[in-house]
Amino acid sequence: MQFADTLDFSERETLFVEVILPLSLAINYTYRVPFELNDKVAVGKRVVVQFGKHKIYTALVKSIDQQPPEFYQAKYIIDVVDDYPVITEKQFEFWNWITSYYLCNEGDVMAAALPTGLKLASETILVLKDELPEELELTEKESLIINVLQKQQRVSIDEVIELLGQKTVYPIVNSLLAKEAIYVAEEVIEKYKPLLKSFIKLNPFYKEEENLKQLFTVLERAPKQLDALLAYLKLAKGDVFIPKQQLLEESGSGQAALKLLIDKEIFSVEKRAVSRLSDSNDEFEVNFELSSAQQKAFEEIEFQFTNKDVVLLHGITASGKTQLYIKLIEKALDQGGQVLFLLPEIALTTQIVERIKRYFGDKIGVYHSKFNDNERVEIWNKVLNGSYKVILGARSAVFLPFKELKLIVVDEEHESSYKQHEPAPRYQARDAAVFLGHLHQAKVILGSATPSIESYYNAETEKYGLVTLNERFGGVQLPLQEVVSIAEETKRKKMTSYFTSVLIDDMTVALENKEQIILFQNRRGYATILICATCGYAPKCVNCDVSLTFHKTSGKLHCHYCGYHQSSINICPACGSVHIEQKGFGTERIEEELSLIFPDIKIARLDLDSTRTKNGMQQIISDFQDKKTQILIGTQMVAKGLDFDNVSLIGVINADTLLNYPDFRAFERSYQLLAQVAGRAGRRDKQGKVCIQAYDDSHRIIKQVIENNYNEMYVDEMAERKQFNYPPFTRLIFINVKHKDANVLNFAAQTLANALKAQLGNRILGPEQPLVARIRNYYIKQIIIKTEKNAAIQKVKTVLKETIKDFNAQKNFKSVITQIDVDPY
DNA sequence: AGCACGCCGACT
DNA sequence: GTCGGCGTGCTC
């Protein structure tokens, strides 16, 4: 009996784990834990599981249960990856919020949140059996595979496809498996490899003065080795490892000498994981005092924080918001907390990052999409272990594993790039950050010179605090702003290609003064399309409902939606005419025209095409900064976060295309963009100039930009939004319905809309035809849900989710794709 | 998201 | 007869 008492039955527990897979799946799956891993599994750790026949994934343990699943036999988990949870409890809560608010799957969030390096990859590998069956009859293709396997042991499915020159290899592979000639090895590769560098240390034996002296005499006849030793003694203070690279540079002695020293055990080597991120170690103090206006704003923010969690900082351009942020960050750090500083993607490669880095030194991490996975995993771990206190990042940085988050700064909060449109989770990082702040009881500061209407509304209705900073730092003057009517100039024949005489005169003056110029051409209207002057034919994309755009650099016609491209045309394929004209104008075209007007001036272009690479953009910017180029032509990019001392003139080529964009936020966006662009002119000691070209030169938005009248813009916009029932008075949810067949789509979209209307009534609009009705061979329709602000939104979402589930379950609509976009702006 | 399986049309 | 394309269903 006593024996039975000591038997601990709890150890015989069988555990089951519910895991999230990094895939877009509607439900989570349950696996069984092998007894020997019982102690290792924990919520928030990663586990290796097989999902489906071949694939192996890293899944995340969401919960642990002792109850076996009722309706199926659970598979075993293969392994537990982590010693400690990589996902914190708070992160799970955050993920849950994203899932339910933005109506996506948990797997979508996991896929977006974890750097790929933390998700393991699997590759199916074929391996030859040690002993082949005696009677083995193989087809020609099968023996081909076996032959290769005999030479190189392992072959991946991809290689087999290449080898046989055909796509369907599974039947053949299956046959080989059935004949027991091969087996399948699942290879899980940990993608994250720390960067290892060699470090050198002097044998502690030579710490003794006597021994060292002796060593010197021994090495007298080996000058190179002596150099290395001396270099080490110079670099290393005491008994430490120093980077091999550094030692080689300092000593001037080569690898060979060093190797001899190592062989003689005078030096020892060690491989160490080092950071891939260039941490600037120059932690020099950047001393600055807040101006009295800034100091007042700072105190005001602090005061607002006593009863508000979110404060909107409305500070005009060049009012020195960055300094305020720095002071606030400093304070949060003093309290021992972490800080998340969100920036729009493109602003991350620019000066503001440098400034903040310089101030906070190696406590800071930068996180954005151009970093590779290794770097991202590194940042993830440093946030998790707390060695990074401040994170500068683009929207995905909200997913980092913060522990003691005290403050979140969202700079340029009005920026549309905080919203992710594709793929799910379609989240708005600014709004998510507000929730994240709430979760951590951290304060959130939203900063902008031109706040979004919804944030300003939140401030006006006292949901957020509001602090205004409307004095330019250091008394920098506002630029001189003028509007030129393109219509007028065209009538008087004063236009030179796209440029009004006023802009050309301004440019001439600026160039004579050796000052620099930025020309801004917004993305809309960017395209140059070809059109036949005889019959009106315009080349269209074969996969999408858009005209192809002509790119001079490649000499080809490109589709901006799917990447399709074809060679350009000289003869109209429809009518045979040779009169092909270029219509519309892009940055490329402007660059070309401009170089005809100013042949001796160096011109650079900053847009998506010229900045594909991580350094492409840096190069263009630094060339402009170093005054190697005089004129910079760009799309929105030039408006964001760039500061150039020597720029005295900003030209907006065509403001109308912005204003005419068919979107309820077009005016708001135009105001923000134009105001932002204008803020780039003459930042230091000299008053700059802004020249806005437009057909409709009396448009209220242009007037409001020139007068710097945000409040009037806000009031006008609010009146319109109220009248037409748009946010912030309502909430929008878009449902994009897609199918390859236009007829199926039309019927499906109408059916879904009807089903929704039956429950939600006139809150349902559409289905409507979107601007581009077909992308990548899929036809698209859009259903819009517009609910009143105070409606029980969660209820609407539940209805929506259920209705779509039922809809997709219908036989005819299985292949119809539906995507939900909550707050699609 | 993959991937198998099954059905169908096309061509060595 | 294969081969490749595509629609459909399933993965614990």
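Convention: sequence-line order gives letters A, B, ...; per-chain numbering from 1. These values consider heavy atoms only, across backbone and side chains, with no hydrogens, waters or symmetry-generated copies.
Between the P atom of B:dT12 and the CD atom of A:E140 lies a distance of 19 Å, rounded to the nearest Å. A straight line from CD1 of A:I56 to P of C:dC12 spans 12 Å, rounded to a whole angstrom. The separation between A:K53 atom NZ and C:dC10 atom C1' is 9 Å, rounded to whole Å. Residue A:Y29 contributes atom OH, which lies 13 Å from atom P of B:dA1 at whole-angstrom precision. Between the CG atom of A:D741 and the C1' atom of C:dC6 there is a distance of 14 Å, given to the nearest Å. Taking atom CG of residue A:N808 and atom P of nucleotide C:dG7, one finds them 16 Å apart after rounding to whole Å. A:F16 has its CZ atom 14 Å from the P atom of C:dC12, to the nearest Å.
The side chain of A:K811 contributes an N or O atom lying less than 4.0 Å from OP1 or OP2 of C:dG9. Between A:Y31 and C:dC12 there is a side-chain N or O to OP1 or OP2 distance below 4.0 Å. One finds a side-chain N or O of A:Y57 lying less than 4.0 angstrom from the OP1 or OP2 phosphate oxygen of B:dG2. Taking 4.0 angstrom as the limit, A:S815 places none of its side-chain polar atoms (N or O) nearer than this to OP1 or OP2 of C:dG7.
Of the two residues near DNA chain C, A:K740 and A:K141, the one whose nearest nucleotide lies more 5' is A:K141.
Stacking between A:F51 and C:dT11 is present: the aromatic ring centre lies within less than 5.5 angstrom of the base six-membered ring centre, and the two planes differ by under 30 degrees.
In the set B:dA1, C:dG9, C:dC12, the nucleotide with an atom closest to the side chain of A:S24 is B:dA1. Considering only the side chain of A:K75, C:dT11 comes nearest among B:dA1, C:dT11, B:dA4. Out of C:dT11, C:dT8, C:dC12, the shortest distance to the side chain of A:Y72 is found at C:dC12.
At a cut-off of 3.5 Å, with distance as the only test, a side-chain donor of A:T803 or A:Q759 sits close to an acceptor on the other residue.
Salt-bridge annotation for A:E106 and A:K62: present, with a side-chain N of the basic residue lying under 4.0 Å from a carboxylate O of the acidic one. With respect to A:E415 and A:K419, no salt bridge is recorded, no charged nitrogen being found less than 4.0 Å from a carboxylate O. A salt bridge does not link A:K45 with A:D82: every distance from a Lys NZ or Arg NE/NH1/NH2 to an Asp or Glu carboxylate oxygen is 4.0 Å or more.
Nearest heavy-atom pair, A:T787 versus A:R763, reported as atom, atom and distance to 0.1 Å: CG2-CD, 3.7 Å.
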